Each structure stands twice: as structure tokens, then as C-alpha cells.
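The block underneath contains the structure these notes are about, expressed in C-alpha cells.
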Number of protein chains: 2
Amino acid sequence: MTQPETLAFHAHDHAHCAGDTLARAEALAAEQGLRLTPVRRRVLQLLLEAHRAMGAYEVLDRLAAEGFGNQPPVAYRALEFLVENGFAHRLHRLNAFAACMHPGEDHSPVFLICRSCDAVAEAPADPVRRALAEAGEAAGFAIERMTVEAMGLCPACRAAEAA
Amino acid sequence: MTQPETLAFHAHDHAHCAGDTLARAEALAAEQGLRLTPVRRRVLQLLLEAHRAMGAYEVLDRLAAEGFGNQPPVAYRALEFLVENGFAHRLHRLNAFAACMHPGEDHSPVFLICRSCDAVAEAPADPVRRALAEAGEAAGFAIERMTVEAMGLCPACRAAEAA
DNA sequence: AGCCGAATGTGATTTTGTAACATGACGCAG
DNA sequence: CTGCGTCATGTTACAAAATCACATTCGGCT
Ligand SMILES: [Zn+2]
Ligand SMILES: [Zn+2]
Ligand SMILES: [Zn+2]
Ligand SMILES: [Zn+2]
């Protein structure tokens, strides 16, 4: 199920990782009767290949260049679909989107966002979720969804900055 | 120091709580040589009185109605000042701002945001911060700032919805 | 008075996100 | 095959959020 924490930061065969995740997403979509249409598929692919957060208009530019529609709703609708079905996530601090690296797990992960290179990693969220649930309960607050985004420096940029 | 968790959700003497926090903020500003000018002071007061998240343009409208400038930078600059100096917080999910109920504690709290009435409470963040720090460390990621926002239902709206 | 830096006012612009409606593709009932 | 309903896409226009650039004003200081 949960693959051995392939964090975006670690050096990895990127083409492979992106292709692999796309394949899993496609299988998943088929399984659930979701229609991963050309635009949607292409957007997911863009996000996977970038392996970082992309703004809606950045996505739109790519789409337009490839012959898809060139108006905002085209990008926003595809992104909304991906987010709603767990193929991508929205990063509120950046007004941007990133592909989900663990599709099909129905998670609301913790994001680690590098302020220098914009790389985004999903970290295991369970401990954080538990702590948060406790805080909510203490206040009588019923938590439905959570957003956890940490800004900082990824290992690579950290090393670069130290130099 | 940390007062006994006066969460926004609990029934409380609102005028008193707002006035009190404003007074503390003023003392704090004086102490630190920060200039809590009329616009800045008024914006903080607005946020405190509302006791919920307010958008920048909502703030701006109030300011304009009271004779301050009526262009976006007026509101954004005041809000930026308040956020940078710990008198207010930004809520990324809402593109909005809320007064800090614990100024001077240099915290990045956990927010509990009611999706029904927009009330915002700051909950103790230490357990969450610890869990998050651990997740970051495991990935070699140096966390500098965190955003934790939980959406859900406050006690009041929860009761109302159950009815 | 004269100067300086911080704060404010103002106009214009950019960036981000939606509403509303028209068109086109697909599956299916008749 | 025809007509119909549904979903996805395209397109126009617009709204909301945020920033840029520049002029002006206000304190404190010399
Ligand atoms: Zn994910
Ligand atoms: Zn980095
Ligand atoms: Zn606070
Ligand atoms: Zn509520």
C-alpha cells in the first residue's frame, strides 16, 4: 500500500516515479469509474513531471500551448477534478497545486514546501492529525478537514545555502 | 502569561475581551517601539471586535467609510504590519485575517475555523508543532514556519446543525 | 527653517479565481 | 437512426485578491 516514503526530496529516478504514479492514478480512475480525460490526464502529468507546485495559470499556459483551451476555467476545472478525487492537492500558501504522490489513500497529508526551490513533499500526517484532533476536541470543535503546510528548506537547498 | 484558553467559541464578555486584548497590544507596541498608528490601531480594533476572519477588502470598506484611504494598499499595509508584529494572523484558506488573541507570545498557532459562522479560534499548537517537527526531521527538511488550519464546526453551529 | 525616513494616499495594473452560457461528445431509450 | 440527457469542454465576461509605482504628508532631528 503505502510505499516506503519516497519523498520528493530524495534523489530518485524522476521519470520513473512520475510515470509510475500516473499509471497508478489511471488504474485507480478506471476502478472508480472516474473519467481521466485528456485535459485532466495531461494536467496530472504536468504536475507529476514538475514535481513541484504549479499555479493554475502556469498550467493553463502549458495547456494552451498544446492546443487545449486557453481560458482559466479549463485549467481550474481540471485541477478541481484532480483535487476532489485525490489525484492532486492544493497548496493554499502558494495558491498552487501539486500532484499527489499517494493517490488512492484518501489522505490529507502534511506538506513540506521548500521556499527556495518550490519542491513539495507529502509527509506522513497521522501524528499531526492526532495532535490536531485532540486540540479540536478540547475546544468542542468538530474538525472536518485540515490544512498543514510547513515552509522551510529541503535537504538540497539546505546544503546549498550552507555553502 | 498564557491566559486560560479563552477560545473564541466559548461564550464570553466580548467587548471586554476585545478591549482587553487591544490594551495589551498597545502596551506591547509601546514596549517594542512599534508605531501603532491610527490606521493600524483601527484595523486591529476591527478585527478584535469582529472576532472572526475578515477579508482585506472588507477591512478596507470599513476604513474608507471612516475617512481613511479607500485603496487596497491602505488595508494591506496595515494588515501586513499587524501580522508581521504578531498582532494578527493570516488565514490562507480564507484569504482573510484575524486578530491574535495572544499577542506577544510569538506563536504560530493552530486555527480552528468554523465553516458555518466563520468564527476563528487559536488552539494550543505545541503538540502539533512537535509532531510536525518530527515529520520534517525525518525528511531532512528544516521547518521555518508552519500553517495549520482546521475547518469544521464550532460548538454553537454544531448544536444548531444537529437541531 | 530644512532635512530625512516612515507612513499614508492614490491611481493603475497584475494575479487569481468564478459565473454564465454555448458547443460538442457519448450513452441510451424509443 | 434519432432524439434526449448528461457530462466535459470551450469561450466570454467578470469578480476578487494582491501588488506596483509614485506623490504627499507627518514626525522627529539638526
Ligand atoms: Zn497526496
Ligand atoms: Zn529546495
Ligand atoms: Zn495568535
Ligand atoms: Zn460556528
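Note that the structure is predicted; figures quoted are calculated from it, not measured.
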Starting at CG of A/D20, measure out to CZ of A/R24 and round the result to the nearest 0.5 Å.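 Spacing of CG (A/D20) from CZ (A/R24) equals 5.5 Å.
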Whole-Å distance separating the [atom1] atom of [X] from the [atom2] atom of [N]:
{"X": "A/E80", "N": "D/dT9", "atom1": "CD", "atom2": "P", "value": "12 Å"}
{"X": "A/R40", "N": "D/dA8", "atom1": "CZ", "atom2": "C1'", "value": "6 Å"}
{"X": "A/L34", "N": "D/dC7", "atom1": "CG", "atom2": "P", "value": "13 Å"}
{"X": "B/E66", "N": "C/dG9", "atom1": "CD", "atom2": "P", "value": "12 Å"}
{"X": "A/E58", "N": "C/dT16", "atom1": "CD", "atom2": "P", "value": "9 Å"}

For A/M101, is there any backbone N or O sitting under 3.5 Å from a side-chain donor or acceptor partner on A/E122?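 Side chain of A/E122 to backbone of A/M101, a donor-acceptor pair under 3.5 Å: yes, one is there.
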Any ring pair (Phe, Tyr, Trp, His ring centres under 6.0 Å) involving residues 142-163 of chain B? Give me the pairs, sequence neighbours left out, ordered by first then second residue.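 Sorted pair list comes back empty.
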Do A/V120 and A/L153 sit in one hydrophobic cluster, given that two such residues count as connected whenever their side-chain heavy atoms are within less than 4.5 Å of each other, even indirectly?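 No, A/V120 and A/L153 fall in different hydrophobic clusters.
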Output one letter per nucleotide in nucleotides 10-27 of chain D: B when a protein non-hydrogen atom lies under 4.0 Å from the base, S when only the sugar-phosphate is that close, - when neither is. BBB----BBBB-------
Say whether A/R93 and A/T147, considering side chains only, have a donor N or O and an acceptor N or O under 3.5 Å apart.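 The criterion, which ignores hydrogens and geometry beyond distance, is not satisfied for A/T147 and A/R93.
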Residues which pass ring-ring contact (aromatic ring centres under 6.0 Å, His included) with B/F141, listed by chain and number, not counting sequence neighbours: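 For B/F141 the ring-ring contact (aromatic ring centres under 6.0 Å, His included) partners, ignoring immediate neighbours, are A/F9.
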